[in-house]
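What you see below is based on every heavy atom in this structure, not just the backbone, and it leaves out hydrogens, waters and symmetry mates.
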Amino acid sequence: MKAWKLFLSDLEKKIGATTVRKWLYSLKVIKFDACNLYLEAENHFEARWFEEHIRPILKRGFYNENFHKIKVHLSLKNADLKSKTIKDVKNQIVSDPLETYLTFAFFIASENNLMSVKLLKEAVDKGSSFNPIFLYGPKGSGKTHLLQATAHKFKENNLNVFYVNAKSFTNHVVDAIRNGNMQEFRKAYRNLDVLIVDDIQIFSRKFATQEEFFHTFNTLHSNNKTIILSSNVPVTMLDDIESRLISRFEWGISLFLEKLEKKELKIVLNNQASILNLHINPQIEKFIIDNFKSIISIKKALKTLALNEHLENQKSLELHKIKNYLSPLIEEENQKTLSQDIIINEVSIYFGITSKDILGRSQTKESTLPRQFSMYLCRELLKMPYMKIGKVFTRDHSTVMTSVKTIKKDLEAKNTDIYSAFMEVTKKLNNFS
C-alpha cells in the first residue's frame, strides 16, 4: 500500500531507520480501502508503542493520493485477543517500550558518572551486591538513557525485565483497582528478574501506588531480584513518600548523575545527529552547543532540524536557516535555564525578603541566612567557583566557602528550617534546566 510505505519512508528520516524497522515494519497490512488502513501487531508491546509514539503523528494527518485522510485501525495478532480493541492495550500491564538507541554504546559519561555506568554493567554481568541501585540527578543528566541501556543488557541475557516510568506504574495500579484486576497486576510485577522504575519521585502523595510498590519491592527483594530506581533528588529528599519506602530505597546504594559538560554534550550532539541522518558542520555544532545546555534540549533541537530538513527537502543544513528554525526553542531555553538570578529570586520569595536584601550588606539573620542559602545553591546547582560567587554577592571567596559549609552541615544534620527551605526552593528550581 503506497501511502503507508511513503509514510514509513518519511518517518525513517524523522525518528531513524532502526526504530522504524524494529517497531513498524513488523506490522502486517491486513486490508486497505480508500480511507481505511487495517494493521495487525504481533504483540502488546508493538501495539502499545504504536499508540504512544505513532498515533499522535497520524492524527496530524495521513492522506491518500487524493488528499483524503486515511484512518488507521490496529488489532492484535493472537486469536484470543482479536476481540479486544486497541484501547484495551493501553490497560495491559506491560513494560514501557525501550528506545533502540538508548544503549551503553551511545551513553556519554563524564568522569564523575563513570562509577554509575561501571556498577550497572557489573550488575548485568555478575550481579550486584547492592539492591536496590538508586540513581539520582537533575533533569537531562541521562538517567533514563542509563536505565534503558541497562534494561537492554539484561534482556540480552534472557532475563524477565520490566522497565517502567513511575507514571506508568501508577497508571497500572489505578487501572487494576478500577477494573478489579489486582491479581493480574501482582502477577505481572512480582514474577520478575529485574524491575527498573524511572522517575520514582512521581509517587509523591500517591499513597495507593506507594502501598502496591511497597509490597512489590518486598517480594522482589526477598527473592534476590534486581531493583533499579531513579529520581531527580536524593532518597532523603523525596517528598511525601512513606518512610518505610524511603528506608528500603536506602538498603542498597545511591549514585549521583551530574549534567554533562560542553565537551561531552558535543559527543551527544554528534551521536544524535548520526541517528537522525543529519550532517552537522563545526559552525552549526557550536551554535547548537552555545544555545542548548542539556541532553534533552539538544535532542529536541536536532529533531526540529530533521523535521524541517525533510519538509523542505534539503540535502544540507545552512546556519541562517537553522537560526530561524530554532529561534522559538532558543527563546524557550533562555526562559527555563537556571541562573544565579533565578536562584536568588526564588530564595528571596521563600524567605519573604527582596533580592536586594540578599545581595546587600545587612548582617541581620533575616538577610544572612537566605544569602548563605543562595550561595550554597549557586555552588551545588550551578557548580560556580567560589570566586565567581563572591563577585555576585560582593564577598570574598573565604566567606562564600564558610557559607556553603554552614548550609551543607545544616542539611546533613536535617536542620528543620534549612531542610524545609531546600525542599521547597529546589522543587521550584527543578522546572529549570
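- Without hydrogens or angle criteria, Arg371 side chain to Ser362 main chain gives a donor-acceptor distance under 3.5 Å.
- Residue Lys206 places its NZ atom among more than 12 non-hydrogen atoms of other residues, nucleotides or ligands, all under 6.0 Å distant.
- Using a 3.5 Å distance cut-off with no hydrogens or angles, the side chains of Asp396 and Ser398 do pair a donor with an acceptor.
- There is a side-chain donor-acceptor pair under 3.5 Å between Asp199 and Asn165.
- Scanning both residues, His221 and Asn131, for their nearest heavy atoms gives NE2-O, 2.8 Å.
- Note on Glu156 versus Lys153: salt bridge recorded, some NZ/NE/NH1/NH2 to OD/OE distance being below 4.0 Å.
- Between Phe162 and Tyr189, the ring planes lie tilted relative to each other; the angle falls in the 30° to 60° range.
- Applying side-chain contact (heavy atoms from CB on, under 4.5 Å) to Phe154 and the options Asn160, Asp193, Leu159, Leu120 leaves one that passes, Leu159.
- Phe134 and Tyr136 have tilted rings, their planes meeting at an angle from 30° to 60° on a 0 to 90° scale.
- The pair Glu212-Arg190 counts as a salt bridge, with a side-chain nitrogen and a carboxylate oxygen less than 4.0 angstrom apart.
- For the residue pair Asp198 / Thr144, a side-chain donor-acceptor distance below 3.5 Å is found, with atom types taken as modelled.
- Aromatic ring centres of Phe169 and Phe185 lie closer together than 6.0 Å.
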**Study point:** CA sep, side-chain torsions, deciding dist, call: Ile407, Phe422, side-chain contact (heavy atoms from CB on, under 4.5 Å)
**Key:** CA-CA 10 Å; Ile407 299 299; Phe422 183 84; over 6 Å; no

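- Heavy atoms only, all atoms of each residue included: Lys143 and Leu135 are closest at CD-O, 4.4 Å.
- For the residue pair Leu11 and Ile57, the shortest heavy atom distance occurs at CD1-CD1, 3.8 Å.
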Exercise for review: Kindly indicate, with the supporting measurements, whether the criterion salt bridge (charged side-chain N to carboxylate O under 4.0 Å, His left out) is fulfilled by Glu242 and Arg248.
Suggested key: CA-CA 10 Å; Glu242 293 180 15; Arg248 278 156 177 76; over 6 Å; no

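- Within a 6.0 Å radius of CE in Met115, other residues, nucleotides and ligands contribute 12 heavy atoms or fewer.
- The shortest distance between side-chain heavy atoms of Leu192 and Lys225 does not fall below 4.5 Å.
- Taking every heavy atom of both residues into account, Ser374 and Ile343 meet most closely at O-CG2, 4.0 Å.
- Ser95 approaches Val164 most closely through the heavy-atom pair CA-CG1, 4.3 Å.
- Taking a 6.0 Å sphere around NE2 of His215, one finds it holds more than 12 heavy atoms contributed by other residues, nucleotides or ligands.
- Side chains of Asp357 and Thr354: a donor on one and an acceptor on the other come within 3.5 Å.
- Crowding of Lys299 atom NZ: a count of heavy atoms from other residues, nucleotides or ligands under 6.0 Å exceeding 12.
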